[in-house]
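Worksheet for the structure shown next.
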Number of protein chains: 2
Amino acid sequence: MSYTYSHPRPSVTVDACVFGVDAGALKILLIRRAQPPFKGSWALPGGFVQMGESLEESARRELSEETGFAPAYLEQLYTFGDVKRDPRGRVISVAYLALAKLAEAKAASDADEARWWALDELPDLAFDHGEIIRMAKKRLRAKVRYAPIGFDLLPRQFSLVELQALYEILLGRGVDKANFRKKVLGMGLLKDTGKHSDAVRPARLYEFDAAEYERLSRRGFNFEL
Amino acid sequence: MSYTYSHPRPSVTVDACVFGVDAGALKILLIRRAQPPFKGSWALPGGFVQMGESLEESARRELSEETGFAPAYLEQLYTFGDVKRDPRGRVISVAYLALAKLAEAKAASDADEARWWALDELPDLAFDHGEIIRMAKKRLRAKVRYAPIGFDLLPRQFSLVELQALYEILLGRGVDKANFRKKVLGMGLLKDTGKHSDAVRPARLYEFDAAEYERLSRRGFNFEL
DNA sequence: CCAAAAGTGTTGAAACTACACCCATGG
DNA sequence: CCATGGGTGTAGTTTCAACACTTTTGG
């Protein structure tokens with residue numbers, strides 16, 4: 001490294017918005033802060049980026065350390081850099097959006113310092129984390145319509161009724177059953193597993209066919225619901 | 001500032017991808033680097049974030065200093081943080097996507113150290129700027145379809161033929177004239193200025209009605225082309 | 001056979017596509 | 001009156017939305 005500069009530098013953190021669906025509602029994973037500032041407040045899991053790790057590695061590490069959790073889906077959301085967003089000084093935060101499958105979500109929900117909160121009953125939040133969550137929610141609700149990321153919120157095998165319920169939660173409105181099914185199956189992205197749920201009337205279980213999605217995408221296909 | 005930490009910190013920079021349309025092609029504004037590393041190479045305009053300015057302010061300042069240019073549109077694109085992306089050490093870059101109106105684009109193109117390049121004839125680029133440009137181009141081509149940002153690439157007043165030509169460039173394919181017009185005018189976002197171009201047969205000139213777009217957006221309207 | 005939940009068919013309206021055509025102006 | 005480019009109209013097809021309907025299972 002032959003060139004080095006010495007100048008005042010901001011700190012850089014990562015914060016993760018982990019969403020999950022449980023009990024018919026969209027939830028987000030928060031931790032209680034053990035250190036000042038905002039000691040005792042709820043906040044997004046996250047922390048300082050270390051010199052030897054990429055941003056995404058940093059997000060995964062912090063998530064694992066603070067919640068013991070490895071998300072099914074992780075994408076960069078936005079970088080928040082207002083001068084006064086952190087009372088400790090200049091701290092720039094790279095926010096990530098993550099999705100968790102329902103079963104795993106429940107497993108992690110027992111911890112004392114990390115719990116799931118329904119999005120319409122959030123506690124007071126540290127820093128500008130309220131704003132970050134608003135943006136993450138907006139991104140999720142928009143993106144679920146043109147990218148096959150909803151499947152990362154469901155178990156690997158799911159029924160069409162479950163998938164429809166998920167979309168109704170995310171979109172915030174009811175969906176016509178017959179039309180939803182025709183559209184979803186018409187895309188040819190769901191593999192019939194041959195299995196059935198054990199409901200009153202057993203429902204066919206499907207799997208998302210990621211390989212087929214890749215193939216179709218390369219040929220110009222666009223997911224849309 | 002009662003809490004302060006002392007720990008190794010990355011540097012943070014901003015880089016801007018400024019797009020413009022000229023001579024029927026999509027172009028991007030690059031500068032020639034005067035300092036090492038990559039001295040003499042072409043690169044995105046940008047530089048170090050200062051402690052007292054937000055990220056967007058920083059992007060506007062660097063753009064102004066290096067190209068004398070204030071973009072019509074500016075949005076954050078993505079943050080690049082691979083450990084080895086800069087030979088000087090750990091440098092995280094927040095990339096911005098900017099759009100410039102054609103007339104202003106031409107004005108700035110005379111400078112020696114800043115010039116416009118067609119996207120299919122780019123020179124060798126410093127750092128990971130090639131990757132940043134690829135992502136910016138992808139975002140622009142996708143976003144122009146569901147957000148009214150194409151207008152920021154045209155003069156304030158424009159004919160439908162010009163608008164169509166713009167979309168054909170951005171989408172990379174031909175568009176049916178009659179259908180394009182019906183769709184665009186049907187949205188009710190264009191104000192007829194009453195003026196005409198001075199072509200062989202004078203064309204009606206329109207303006208994008210930003211206020212009306214705001215109004216419709218709040219009522220659930222979604223731009224789409 | 002009844003309740004509950006899974007799964008389907010039909011139809012009219014709306015949107016999209018392709019393509020042919022007409023119109024205004026300068027030379 | 002012709003070339004150039006601006007500006008429609010229409011018809012066939014596909015997609016969409018609404019809604020009523022049938023099927024399977026447990027009790």
Side-chain angles (χ1 to χ4, degrees), chain A residues 21 23-24 102 144-146 150 154-155 157-208 216 219-225, chain B residues 21 23-24 144-146 148 150 154-155 157-208 216 219-225:
Chain A
V21 170
L102 190 137
V144 79
R145 293 179 53 181
Y146 64 87
L154 291 179
Q157 303 194 342
F158 52 85
S159 70
L160 289 185
V161 173
E162 288 173 316
L163 185 64
Q164 180 182 348
L166 173 70
Y167 271 84
E168 289 180 336
I169 291 167
L170 292 176
L171 301 179
R173 58 181 169 80
V175 170
D176 184 274
K177 189 173 26 161
N179 297 333
F180 180 81
R181 285 162 172 265
K182 272 177 283 195
K183 191 144 190 198
V184 168
L185 290 177
M187 290 191 294
L189 292 174
L190 297 187
K191 274 189 304 213
D192 191 333
T193 63
K195 298 184 184 176
H196 295 268
S197 71
D198 54 357
V200 179
R201 172 177 173 184
R204 276 191 150 70
L205 294 180
Y206 294 87
E207 277 180 17
F208 175 64
L216 290 174
R219 292 179 190 164
F221 166 81
N222 283 310
F223 183 94
E224 198 184 338
L225 267 180
Chain B
V21 169
V144 79
R145 292 178 52 181
Y146 63 87
L154 291 179
Q157 304 194 340
F158 52 85
S159 70
L160 289 185
V161 173
E162 289 172 315
L163 185 63
Q164 181 182 347
L166 174 70
Y167 271 84
E168 289 181 335
I169 291 167
L170 291 176
L171 301 179
R173 59 181 170 80
V175 170
D176 183 274
K177 191 175 24 161
N179 298 334
F180 180 81
R181 287 163 171 264
K182 272 176 285 196
K183 190 143 190 199
V184 168
L185 290 177
M187 290 190 295
L189 293 175
L190 296 188
K191 272 189 305 215
D192 191 333
T193 63
K195 298 184 183 176
H196 295 267
S197 70
D198 55 357
V200 179
R201 172 177 172 183
R204 277 190 149 72
L205 294 179
Y206 294 89
E207 278 180 18
F208 174 64
L216 291 174
R219 291 179 191 164
F221 167 81
N222 283 309
F223 183 94
E224 198 183 340
L225 266 181

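In the text below, chain A, chain B and the rest are named by the order of the sequence lines, each starting its count at 1.
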Candidate nucleotides D:dC19, D:dG6, D:dA18, ranked by approach to the side chain of A:Asn179 - the nearest: D:dA18
Nearest-0.5 Å distance, OH of residue B:Tyr146 to CZ of residue A:Arg145: 12.0 Å
Distance in angstrom units between A:His196 NE2 and D:dT25 C1', rounded: 12 Å
Contact interval (first through last nucleotide) of DNA chain C with protein chain B, 4.0 Å heavy-atom: C:dC16 to C:dG26
Pairwise 5' ranking along DNA chain C for B:Ala178 and B:Pro202, keeping only the more 5' one: B:Ala178
Contact nearer the 5' end of DNA chain C, comparing A:Asp176 with A:Arg201: A:Arg201
Spacing of A:Arg145 atom CZ relative to D:dC16 atom P, expressed in whole Å: 12 Å
A:Lys183 vs D:dC16: side-chain N/O to OP1/OP2 distance below 4.0 Å: yes
Atom-pair distance (CG on B:Asp198; P on D:dT4), nearest Å: 19 Å
Greater than 12 external heavy atoms within 6.0 Å of A:Arg181's CZ: yes
Between P of D:dG6 and NZ of B:Lys182, the distance in whole Å: 18 Å
N/O donor-acceptor pair under 3.5 Å between B:Glu207 side chain and B:Thr193 backbone: no
Touch class at under 4.0 angstrom, heavy-atom based, for B:Arg181 against every strand present: base
Sugar-phosphate only, base, or nothing, as touched by A:Ala199 at under 4.0 Å among non-hydrogen atoms: nothing
Separation between CZ of A:Phe158 and OH of A:Tyr206, rounded to the nearest 0.5 Å: 9.5 Å
Touch class at under 4.0 angstrom, heavy-atom based, for B:Val200 against every strand present: base
